[in-house]
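This one's a predicted model, so the numbers in the text were calculated from it and none came from an experiment. Keep in mind that the numbers below use all heavy atoms, side chains included, and drop hydrogens, waters and symmetry copies. Numbering starts at 1 and runs along the sequence shown.
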Amino acid sequence: MVGLSAHADQSELCGIIERISARRVILVHGDEDAVRALGEQLSSDVRRQIYQPSVGEEVVISIGSKRAQLMNGLSTHMNCTTFDGDEDALRLWDFVRISYSGRAFTVQELAYLWYGNTECMTEDRLQAFQEKLLGSLFFDRHARRLYLLVPCTEEEIHEKRRTKEPSAQDVEAVVRELAQRGAADSGEEIEIKKLGFYPEEKRVVLTVDFPDVLPPERILEMKEALCAQTGWELSVKPTMNFASAGMLLESLFPQRILKSSYFTEKKYYQVTLSEIQADDAQSCERFCQKTGWRLVITNLGTGSTVYGHPGEEAASNESGTREEGERMWLYPQPGQEKAEQNLAFSLIDMAFAESEIKPYKKGRKNDIEGLYLELSFLSPALGIRCSAILEEVARQIGWRLHISESVNQNQLQMIAAQMCAQYGVTQKKAASYLPAQRSIRIQNLPDTPVPAKMKEDFLERTGVPIVE
């Protein structure tokens, strides 16, 4: 017998017990919860007998024939061949309650009752058998002799069912099964890139390479099925995997891509090719089918658009108002000479001196038509509101002006936080910008909904709508 008394942590104690190959361990000192946790960890090894006696309790250990002890009093068994999980655990639970009421069992004894022989008594098989029993609703460890398993009462099983929460692994298994389910019907399995888990919110985020090609009805079915089975919410990360899109472009136009750009707000790619080939139109179509984004091809030699157009989906309305894609550009008079860049920036600042809306960043850029100046606002919608000012500035400085399609996400989050405090809305976490919807998501507590007035004020101030 080895007596241990030292100020070691749990891992050190487990290491000592493993080193001396202790098979019977009595835990007699320490905080009850800590001792219980240590006992359960040690009991995961089916070769050990772990005791956690109460104060004053006498422990009698009998050392005899293992086979004789195993066979002692176990005359009735089930003669099953496999043990697969909860359904079999229920059958075993029902059997031992009827045949051996009020008794606790070693894992070896339960295995013998199930299989009806001792051939199953390999260490690995017993280990797996014990894990399945303890992972079910129907068996727990004995309160003091942790190497023994006891059938739960019906009340205990009911309470477990009521309080049991699915683990992240459980949720992942359901999501992956749902992602594959549609393949039998449509032949299209959703290829999961990554799953992000937020247990506090009971939410899982699905990341795929190209979310814009996911059928909305399919995603809705997955959300409803996951919620029904686990109580978790499913959301899809709206941004595409640009690295995967780049690899797809390279496979479609090998060694011909000189430059590529993407435009998140309008969901299209633009590539400049060193040469144009006859099947490039079909490649554009394949890119669109695979990603859900359009593809615009320009020719290096001519600088002209060969396939696709950034604004081709936009049609003029009856009043003749220019569509958003056109309103993002402001042009000088034909043939007008450009002002020196620093002077141009100064004139832009002067033009916005009296305006409540101002660009927070200015920069020079280049495209196939040449140099232009890009102005970044809190959101593109605010920039478009200033079109009259920008048209006049373009005529003064002789530069093409472009309203940036990006948003100032940090500033949007700050304004959202300020307005939530103003309107008494409690946020679970910081607001997030959704590029695909061109909106900002407020993650508020259910008992503090976002008032309609706050949504109106936020839209007026930022040009970005709020979603919950």
Practice prompt. Start with the C-alpha distance between Asp280 and Ser283, add both sets of side-chain angles, then the distance that settles side chain to side chain donor-acceptor pair (under 3.5 Å), and finish with yes or no.
Written response: CA-CA 5 Å; Asp280 285 346; Ser283 296; 4.6 Å; no

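In this structure the side chain of Trp232 never reaches within 4.5 angstrom of the side chain of Val175, judged on heavy atoms. Between Lys428 and Glu200 the shortest side-chain heavy-atom distance does not fall below 4.5 Å. Contact annotation: the side chain of Pro451 approaches that of Val425 to within less than 4.5 Å [non-hydrogen atoms, C-beta and beyond]. Looking only at side-chain heavy atoms (C-beta outward), Pro238 and Pro211 stay at 4.5 Å or farther from each other. Counting heavy atoms from C-beta outward, Phe138 and Ile157 have side chains that approach closer than 4.5 Å. For the pair Lys429 and Glu201, the minimum side-chain heavy-atom distance is below 4.5 Å.
Relative to the six-membered ring of Phe377, Arg385 misses at least one condition, a distance below 6.0 Å or an angle of at most 45° to the axis.
Ring orientation note: the planes of Tyr269 and Phe242 are tilted relative to one another, at an angle of 30° to 60°. Note: Phe129 and Tyr115 have tilted aromatic rings, judged against thresholds of 30 and 60 degrees for the angle between ring planes. Aromatic ring pairs are classed by plane angle as parallel below 30°, tilted from 30° to 60° and perpendicular above 60°; the pair Tyr372 and His402 is perpendicular.
Between Asp88 and Arg91 there is a salt bridge, since at least one side-chain N of the basic residue sits less than 4.0 Å from a carboxylate O of the acidic one. Residues Lys362 and Asp349 are paired through a salt bridge, judged by an N-O separation under 4.0 Å between the basic side chain and the carboxylate. By the 4.0 Å N-to-carboxylate-O rule, Glu456 lies too far from Lys453 to be salt-bridged with it.
With hydrogens and angles ignored, the 3.5 Å screen pairs a side-chain donor or acceptor of Thr448 with a backbone N or O of Thr426.
Minimum heavy-atom separation, Gln336 to Pro332: OE1-CB, 3.6 Å.
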